[in-house]
Amino acid sequence: MTIKAVFWDIGGVLLTNGWDREQRADVLSRFGLDLTEFTERHKLAVPELELGRMTLDEYLSQTVFHAPRDFTREDFRAAMEAESRPHDDALAIARDLSGRYRTYALNNEGHDLNECRIRTYALHEFLLAFFSSCYLGVMKPNPAIYRLGLNLASLRPEETVMIDDRAQNAEAARSVGMHAVRYENAAQLREELAALGVK
């Protein structure tokens with residue numbers, strides 16, 4: 001079966017992670033916040049954020065601004081957004097393939113940060129749609145999110161390849177019949193895609 005479409009994870013593939021462990025530790029350190037306390041609050045709130053049932057402002061109220069601070073929400077949010085960086089080599093591959101294949105995002109992210117990253121890095125210029133957890137109400141590695149993406153794009157699993165940096169997410173994509181590549185670097189990605197006939 002010929003590959004017709006490529007599904008891209010965003011954090012860890014096209015861009016750095018948006019608000020993962022390293023990004024959180026960096027921002028918390030700069031603002032002088034206790035990592036242990038924050039992490040306990042984050043664990044309860046982040047699923048709701050990434051499933052689109054909590055706004056970023058509501059998340060920050062529960063994790064950071066439950067106590068008086070000597071900095072503003074705007075400052076903290078700007079620091080969060082500044083943690084995102086492009087993976088230029090992967091972005092170049094995605095842009096190139098978008099001329100020959102249907103390309104989509106399939107990622108876990110909260111609405112506000114997702115929108116910021118799409119806008120900042122002009123991801124809408126080469127991705128046809130964003131099948132993000134905050135819009136679909138289900139998160140990777142739940143196989144349901146892959147089936148939803150396939151149904152919304154009107155594709156059969158064997159016609160697609162999912163690119164993700166996490167092994168569990170790639171395995172979940174394979175479990176519904178998609179091809180999958182676990183992203184490590186751009187050279188490895190090109191090689192594995194070529195083996196699938198995606199060039």
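The model shown is predicted, which means the values in this text are computed figures rather than measured ones.
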Q: Take Glu159 and Arg156 through the test salt bridge (Lys or Arg N to Asp or Glu O under 4.0 Å) and record every step on the way to the result.
A: CA-CA 5 Å; Glu159 298 174 327; Arg156 290 183 288 189; 3.4 Å; yes
Q. Should Glu115 and Cys134 be marked as a side chain to side chain contact (heavy atoms under 4.5 Å, CB included) after you check the CA-CA gap, both sets of side-chain angles, and the distance that decides it?
A. CA-CA 10 Å; Glu115 293 289 328; Cys134 60; over 6 Å; no
Q) Going through the checks in order, is the salt bridge (Lys or Arg N to Asp or Glu O under 4.0 Å) test met by Glu81 and Arg77? A) CA-CA 6 Å; Glu81 292 173 354; Arg77 182 168 174 155; 3.4 Å; yes
Q: Start with the C-alpha gap between Lys140 and Gln168, add the side-chain angles, then the distance that decides, and say whether side chain to side chain contact (heavy atoms under 4.5 Å, CB included) holds.
A: CA-CA 9 Å; Lys140 296 183 295 186; Gln168 190 173 354; over 6 Å; no
(Q) Before you tell me yes or no, could you show the steps for Asp112 and Asp57 under side chain to side chain contact (heavy atoms under 4.5 Å, CB included), namely the whole-Å CA-CA distance, both residues' side-chain angles and the distance that decides it to 0.1 Å? (A) CA-CA 9 Å; Asp112 302 80; Asp57 193 52; over 6 Å; no
Q: Check the pair Asp9, Arg166 against salt bridge (Lys or Arg N to Asp or Glu O under 4.0 Å), reporting the backbone distance first and the verdict last.
A: CA-CA 9 Å; Asp9 183 28; Arg166 297 181 189 268; 5.9 Å; no
Q: Check step by step if side chain to side chain contact (heavy atoms under 4.5 Å, CB included) holds for Leu33 and Phe71.
A: CA-CA 11 Å; Leu33 295 174; Phe71 52 86; 4.1 Å; yes
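The side chain to side chain donor-acceptor pair (under 3.5 Å) search around Glu58 returns Thr55, not counting sequence neighbours. Partners of Phe7 under the ring-ring contact (aromatic ring centres under 6.0 Å, His included) rule, at least two apart in sequence or in another chain, are Tyr104. A search for side chain to side chain donor-acceptor pair (under 3.5 Å) contacts involving Arg24 returns His42, not counting sequence neighbours. Scored by the ring-ring contact (aromatic ring centres under 6.0 Å, His included) test, Tyr101 finds no partners at all (sequence neighbours excluded).
The line from CD1 of Ile10 to CG of Leu127 is 6.5 Å long, rounded to the nearest 0.5 Å. The distance from atom CE of Met80 to atom CG of Leu113, rounded to the nearest 0.5 Å, is 6.0 Å. To the nearest 0.5 Å, atom CG of residue Leu14 and atom CD1 of residue Ile163 are 8.0 Å apart. Taken from CD in Glu83 to CD in Gln23, the straight-line distance is 5.5 Å, to the nearest 0.5 Å. Remark: Ile3 CD1 to Leu155 CG distance equals 10.0 Å, nearest 0.5 Å. A distance of 11.0 Å separates CD in Glu158 from OG1 in Thr2, rounded to the nearest 0.5 Å.
Grouping the Ile, Leu, Val, Met, Phe, Trp and Tyr side chains by contacts below 4.5 angstrom, directly or via other members, places Met139 apart from Met178. Under the 4.5 Å side-chain heavy-atom criterion for Ile, Leu, Val, Met, Phe, Trp and Tyr, Leu152 and Tyr146 are members of the same hydrophobic cluster. Clustering ILVMFWY residues whenever any of their side-chain heavy atoms sit less than 4.5 angstrom apart, transitively, puts Val13 in a cluster other than the one holding Met162. Following chains of ILVMFWY side-chain contacts shorter than 4.5 Å, one cannot reach Leu123 starting from Leu106, and the two form parts of different hydrophobic clusters. Leu35 and Tyr59 fall within the same hydrophobic cluster, defined by Ile, Leu, Val, Met, Phe, Trp and Tyr side-chain heavy atoms under 4.5 Å apart, directly or through other members.
Using modelled atom types, one finds a donor on one side chain and an acceptor on the other under 3.5 Å when comparing Asn114 with Asn107. Side-chain atoms of Thr160 and Arg102 include no donor-acceptor pair closer than 3.5 Å.
Counting only residues at least two apart or in different chains, side-chain hydrogen bond (donor to acceptor under 3.5 Å, both in side chains) contacts with residues 189-199 comprise Gln188-Glu192. Sorted pairs that involve residues 172-182 and meet side-chain hydrogen bond (donor to acceptor under 3.5 Å, both in side chains), not counting sequence neighbours, are lacking altogether.
Side-chain atoms of Asn185 come within 3.5 Å of backbone N or O of Ala187 as a donor-acceptor pair.
When every heavy atom of Ser61 is checked against every heavy atom of Arg73, the shortest pair comes out as OG-NH2, 2.8 Å.
Side-chain contact between Ile145 and Phe131 is absent, with no heavy atoms from C-beta onward closer than 4.5 Å.
Ring planes of Phe76 and Phe65: perpendicular class, angle over 60° (limits at 30 and 60°). By the 30° and 60° cut-offs, the orientation of the rings of His87 relative to Tyr183 is parallel.
Under the 6.0 Å cut-off for aromatic ring centres, Tyr135 and Phe130 do not qualify, their centroids lying 6.0 Å or more apart.
Crowding of Arg21 atom CZ: a count of heavy atoms from other residues, nucleotides or ligands under 6.0 Å not exceeding 12.
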